[in-house]
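So the structure is just underneath, and the comments pick up after that.
Throughout, a chain's letter reflects where its sequence line sits, starting with A, and its residues are numbered from 1.
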Protein chains: 2
Amino acid sequence: MTPTRPLRADAARNRRLLLAAAADEFAERGLDVSVADIARRAGLGKGTLFRHFATKDDLLAAIVLDRIDALNAVGEQLLDAADPGAALLEFLTVAADQQRQRDLSFLQEAGELNADVTRARERMFRSVHKLVDRAREHGAVRADVTGADVILLMCAPNYVASYAPDASPDLWQRYLAIIFDGLRPEGAHPLPHPPPPAL
Amino acid sequence: MTPTRPLRADAARNRRLLLAAAADEFAERGLDVSVADIARRAGLGKGTLFRHFATKDDLLAAIVLDRIDALNAVGEQLLDAADPGAALLEFLTVAADQQRQRDLSFLQEAGELNADVTRARERMFRSVHKLVDRAREHGAVRADVTGADVILLMCAPNYVASYAPDASPDLWQRYLAIIFDGLRPEGAHPLPHPPPPAL
DNA sequence: TAGCAAGTTGACCGCCCGGTCCGTTTATTG
DNA sequence: CAATAAACGGACCGGGCGGTCAACTTGCTA
């Protein structure tokens, strides 16, 4: 089914160059950068980019897929951690740190049409659900918070910090801490709205 | 300086139509909708739109200016409220409710080049600082949180809720409650990063 | 080292966007 | 009601985008 003759040496190198250039460009200037700019940053022609990735969305999907898989690996490892509360916080820290982008919406947008990304995302979401369940049973997060809540809140620290004009690149840590405090059972006030359907 | 002959009746009506159509279109489909779509929704020609607003950004700025001024009015009124903690929560509720948009980034983007918006935003930010200071002195928010923090967190509930696929339009209330719990002094853990420079 | 498939490239295409312009319509007013 | 300035509308323009292609170059292999 997949004969997949191995890539020629230069082609493999160029593919890595393109992925790196695209990741940088997306991170620095948002999802609206042109493919021409990405190719230029990689030192390659636009045609080469389209030989490796049929579409701009495919390129984005390839990047996102890597990130999601890496994040999922961390999540699954943390399922065995001794302290479930600390494990969840660690997971959210890694998630925010690794995806230091101006616009994290790609999680949603890139999966829109790519089945691989959708599958990886669902796998990762399952890990989050488990992490949250464990933390809740352990009394580390409030009883009325679900995995879906945490998934939605996951990108918020980066989003919030991205609007501070002249801020340290680590400012997201502050907002992750505030939001995580909001997830703790101590001093929790009842929530005015039911959780969203599971993701 | 401003002779400003009053608008013709139809022109005034069309201006309102355009603002309403643009607000709806921006809210439903994001900032990237074309001016042609906005004009069509208003039942008018594209040329008419540009007669009232020299640029697409000017149209956005007009909408944003209205919202910011309205929000600021609420904020200033709440400065006299009996319970400073409840006042801050009420302000954040109004802010999130009134600006139920998929992308709130316009706060930053629209002010980028329009002096009126910048001024109105700064006025509104001052109100937030006062609300937060009062709430802090009253023990309703933790001591290590600043007005700038709250300004940045203000848009988060909408942002977070907007990524839930089939959710109630009021889901933001849930995340506002969680985040606000994170701002309370009870059970607060020390923050790992200093606050951003004041806005 | 010769031959060739794999890979590269940038000019090119069609599309859609924000913005302009001018012939036409219409509210106002004396 | 006539005259006029204000307002309207849509064909049109330049530009930048994602994506294609055919001529050219290059790594692999026998």
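- Straight-line distance from the CG atom of A:L60 to the P atom of D:dG19: 12 Å, rounded to whole Å.
- Along DNA chain C, the nucleotide nearest B:A54 and the nucleotide nearest B:L7 are compared for position; the residue whose nucleotide lies closer to the 5' end is B:A54.
- Atom-to-atom, CZ of B:R40 to P of C:dG18 comes out at 12 Å; the value is rounded to the nearest Å.
- If you measure from atom CG of A:D37 to atom P of D:dG18, you get 9 Å, rounded to the nearest angstrom.
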Subject >> Stepwise side-chain contact (heavy atoms from CB on, under 4.5 Å) test for A:Q173 and A:L176 >> reply: CA-CA 5 Å; A:Q173 295 173 4; A:L176 173 54; 5.7 Å; no
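- If you measure from atom CG of A:D10 to atom P of D:dC24, you get 20 Å, rounded to the nearest angstrom.
- The pair B:K130-B:D133 does not count as a salt bridge, with every side-chain nitrogen at least 4.0 angstrom from each carboxylate oxygen.
- Rounded to whole Å, atom P of C:dC17 lies 16 Å from atom CG of B:D57.
- For the pair A:K56 NZ and D:dG18 P, the interatomic distance rounds to 4 Å; values are reported in whole Å.
- The distance between atom CG of A:N14 and atom C1' of D:dT26, rounded to the nearest whole Å, is 12 Å.
- By the 4.0 Å N-to-carboxylate-O rule, B:R123 lies close enough to B:D69 to be salt-bridged with it.
- Ranking D:dG27, D:dG18, C:dT28 by closeness to the A:S34 side chain, first place goes to D:dG18.
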**OP:** Might you work through the side-chain contact (heavy atoms from CB on, under 4.5 Å) test for A:D24 and A:I38, ending with a clear yes or no?
**Re:** CA-CA 9 Å; A:D24 289 348; A:I38 294 172; over 6 Å; no
**OP:** List the steps and the verdict of side-chain contact (heavy atoms from CB on, under 4.5 Å) for B:V74 and B:Q98.
**Re:** CA-CA 11 Å; B:V74 172; B:Q98 124 179 336; 5.9 Å; no
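- For D:dA7, the base has no donor-acceptor partner in the side chain of B:R8 [N/O atoms by modelled type, under 3.5 angstrom].
- Distances shorter than 4.0 Å separate some side-chain N or O of A:T55 from OP1 or OP2 on D:dG19.
- With respect to B:D116 and B:R119, a salt bridge is recorded, a charged nitrogen being found less than 4.0 Å from a carboxylate O.
- In this entry the distance linking CG of B:L17 with C1' of D:dA7 reads 14 Å, nearest Å.
- In this structure, B:E186 places its CD atom where more than 12 heavy-atom neighbours from other residues, nucleotides or ligands lie under 6.0 Å away.
- Of all the residues in residues 42-53 of chain A, A:K46, A:F50 reach under 4.0 Å from DNA chain D with at least one non-hydrogen atom.
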